[in-house]
Each structure stands twice: as C-alpha cells, then as structure tokens.
S.K.: 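Structure below; questions to follow.
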Amino acid sequence: MTATGTFGLSTEARNLQWLLGNLVEEVPGVRSVAVVSSDGLMLLSSDPAAQQSTTVAAEAGRPDGPRGSSADLATIVSGIGSLTIGAARLMDGGGVKQTMVAMEEGSVFVMSISDGSLLGVHATPDCDMSIVAYHMALFVGRAGHVLTPEVRSELRKSLESTQ
C-alpha cells in the first residue's frame, strides 16, 4: 500500500486501504490500482512492486507493473476521467460509469465512485475483463458511501506524509 500504515488512521480509511489491497491481491491479472479524487489527487494506491520484492511477486505469479506505476496510474485515471466526462457532456450522454482501454500489453479500467472520485485499475492483457469490472463494481459499492470529505482529506494527508 502506498498510503501509510494503519496507525493513526480512522476505521473508514483503514477499511478502504484493506478493500484496495484485496482488489489487487484477489483479482487475477490486476497490476495496480489507484483511487483519485475529483480534483485529480491520488487518495489511495496499491502497487505490487512497492509491497513486495520482484522475486516474491514472480513466485506468486503476480506481474509487476511499470516503474512508478502508482503515480502514473493516478495521472492516467484522472486524464481519462476528465476526457470521458467532457465527451459525455458534448454528446448529452449523462454520467460516465466506466471506461476501458484495451492495449496490446495491458488494459486500463476507470470506474466512477460517488462524489466524482475515480477508481482505476491497470491489468494484464490476458485478464478476464468481466471479472475485473465485477470486482471494481464491488469496490465502488462498498467504498462509495465511506469516501466522505473527511476521509478523503485524511487519505490525502496520509499520502503527503509518506512522500
């Protein structure tokens, strides 16, 4: 987890960290995950390369994401979110629920959380997209009501203190 440990965090913030870590550890093909606030700031991220050594990740069959993937993913998620929201407005499409970008070497999924925050997932090219999307929807359903302004502020401060 890129955010600080659980010491000093509220129960809600610790639960969000646990949910995010669980998403990365339990869903096959997920490389990294980021939660970004509506103003583009990273609130939570999970980067397997930061949590465990490359050797341990390889032994567990978990692919490493690119170097610096947490910050990069947060930037990408924020950009994709902004682009799709603008596109939806131009097309009178209503709110954007989910965006998926499939590439030769991986996929990026972005899903709206309540309050304008976004959940982003970077996954392997061979991941089961429906499983990833399903688990993202579970995370959004569980985290949406917990991600209050107070918890967002707490998570931002937590990240700032580790950088």
Side-chain angles (χ1 to χ4, degrees), residues 1-6 9 12-38 40-85 96-147 151-152 155-156 158-159 162-163:
M1 206 58 68
T2 303
T4 61
T6 59
L9 292 178
E12 292 84 3
R14 288 193 310 267
N15 286 342
L16 286 172
Q17 287 181 333
W18 179 83
L19 284 170
L20 192 80
N22 199 38
L23 180 62
V24 170
E25 292 169 14
E26 299 297 323
V27 181
V30 171
R31 289 180 170 159
S32 59
V33 181
V35 175
V36 181
S37 66
S38 59
L41 296 174
M42 184 165 52
L43 298 175
L44 283 171
S45 70
S46 181
D47 188 349
Q51 293 179 35
Q52 51 190 340
S53 70
T54 304
T55 306
V56 174
E59 288 172 2
R62 295 210 63 77
D64 282 336
R67 180 175 289 225
S69 62
S70 293
D72 291 346
L73 181 60
T75 302
I76 292 164
V77 167
S78 181
I80 289 173
S82 180
L83 180 65
T84 56
I85 288 168
V96 178
K97 295 179 181 180
Q98 182 178 352
T99 305
M100 196 267 305
V101 179
M103 303 167 283
E104 288 179 12
E105 299 300 322
S107 298
V108 175
F109 302 81
V110 179
M111 190 173 283
S112 297
I113 303 175
S114 65
D115 81 336
S117 296
L118 300 168
L119 170 64
V121 171
H122 177 218
T124 61
D126 60 343
C127 73
D128 185 330
M129 294 179 189
S130 62
I131 299 271
V132 173
Y134 172 76
H135 283 277
M136 288 177 71
L138 287 178
F139 178 93
V140 167
R142 293 174 180 154
H145 68 283
V146 177
L147 205 52
V151 172
R152 285 194 307 272
L155 291 169
R156 281 188 194 136
S158 173
L159 279 174
T162 63
Q163 297 175 349

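We're numbering straight along the sequence, starting at 1.
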S.K.: Give, for atom CG of Leu41 and atom CZ of Arg152, the distance between the pair rounded to the nearest 0.5 Å.
M.R.: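 The CG atom of Leu41 sits 11.0 Å away from the CZ atom of Arg152.
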
S.K.: Side-chain donor-acceptor contacts of residues 102-112 below 3.5 Å, not counting sequence neighbours, with atom names and distances?
M.R.:
{"residue": "Ser112", "atom": "OG", "partner": "Val96", "partner atom": "O", "Å": "2.6"}

S.K.: Taking all atoms of both residues into account, what is the closest heavy-atom pair of Val146 and Val151, and its distance?
M.R.: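 Distance-wise, the nearest heavy atoms are O-CG2, 3.5 Å.
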
S.K.: What are the two closest non-hydrogen atoms of Leu73 and Ala34, and how far apart are they?
M.R.: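 Smallest interatomic distance, heavy atoms only, reads CD2-N, 3.7 Å.
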
S.K.: Please tell me if the side chains of Leu44 and Gln17 come closer than 4.5 Å, counting only heavy atoms from C-beta onward.
M.R.: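 Result yes, sub-4.5 Å side-chain heavy-atom pair found.
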
S.K.: For the CG atom of Leu16 and the CG atom of Leu9, what is their distance to the nearest 0.5 Å?
M.R.: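 So the CG of Leu16 and the CG of Leu9 are separated by 10.0 Å.
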
S.K.: Not counting sequence neighbours, which residues clear side chain to side chain donor-acceptor pair (under 3.5 Å) with Ser37? List them please.
M.R.: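 Ser37 satisfies side chain to side chain donor-acceptor pair (under 3.5 Å) with Asp39, Arg156 once adjacent residues are dropped.
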
S.K.: Minimum heavy-atom separation for Ser45 to Leu20, with atom names?
M.R.: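 Residues Ser45 and Leu20, closest heavy atoms: C-CD2, 3.4 Å.
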
S.K.: Got a donor-acceptor contact below 3.5 angstrom from the Thr84 side chain to the Ile80 backbone?
M.R.: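 Yes: the side chain of Thr84 pairs with the backbone of Ile80.
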
S.K.: Could you give the distance from CD1 (Ile113) to NE2 (His145), rounded to the nearest 0.5 Å?
M.R.: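 It comes to 12.5 Å.
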
S.K.: Does the side chain of Leu43 reach to within under 4.5 Å of the side chain of Val36, using non-hydrogen atoms?
M.R.: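 No; the side chains remain at least 4.5 Å from each other.
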
S.K.: Return the minimal non-hydrogen interatomic distance between Gly81 and Leu118, and the atom names on each side.
M.R.: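 Heavy-atom minimum between the residues: CA-CD1, 3.7 Å.
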
S.K.: Quick one: CG on Leu155 to CG on Leu147, what's the gap to the nearest 0.5 Å?
M.R.: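 Here the interatomic distance stands at 7.0 Å.
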
S.K.: Show me, pair by pair, the donor-acceptor contacts under 3.5 angstrom made by side chains of residues 126-141, not counting sequence neighbours?
M.R.:
{"residue": "Asp126", "atom": "OD1", "partner": "Thr124", "partner atom": "OG1", "Å": "2.7"}
{"residue": "Asp128", "atom": "OD1", "partner": "Ser130", "partner atom": "N", "Å": "3.1"}
{"residue": "Asp128", "atom": "OD1", "partner": "Ser130", "partner atom": "OG", "Å": "2.6"}
{"residue": "Asp128", "atom": "OD1", "partner": "Ile131", "partner atom": "N", "Å": "3.4"}

S.K.: Specify the closest pair of heavy atoms between Val77 and Gly120, including all atoms of both residues, with the distance to one decimal.
M.R.: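 Looking at all heavy atoms of both residues, the closest pair is CG2-CA, 3.4 Å.
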
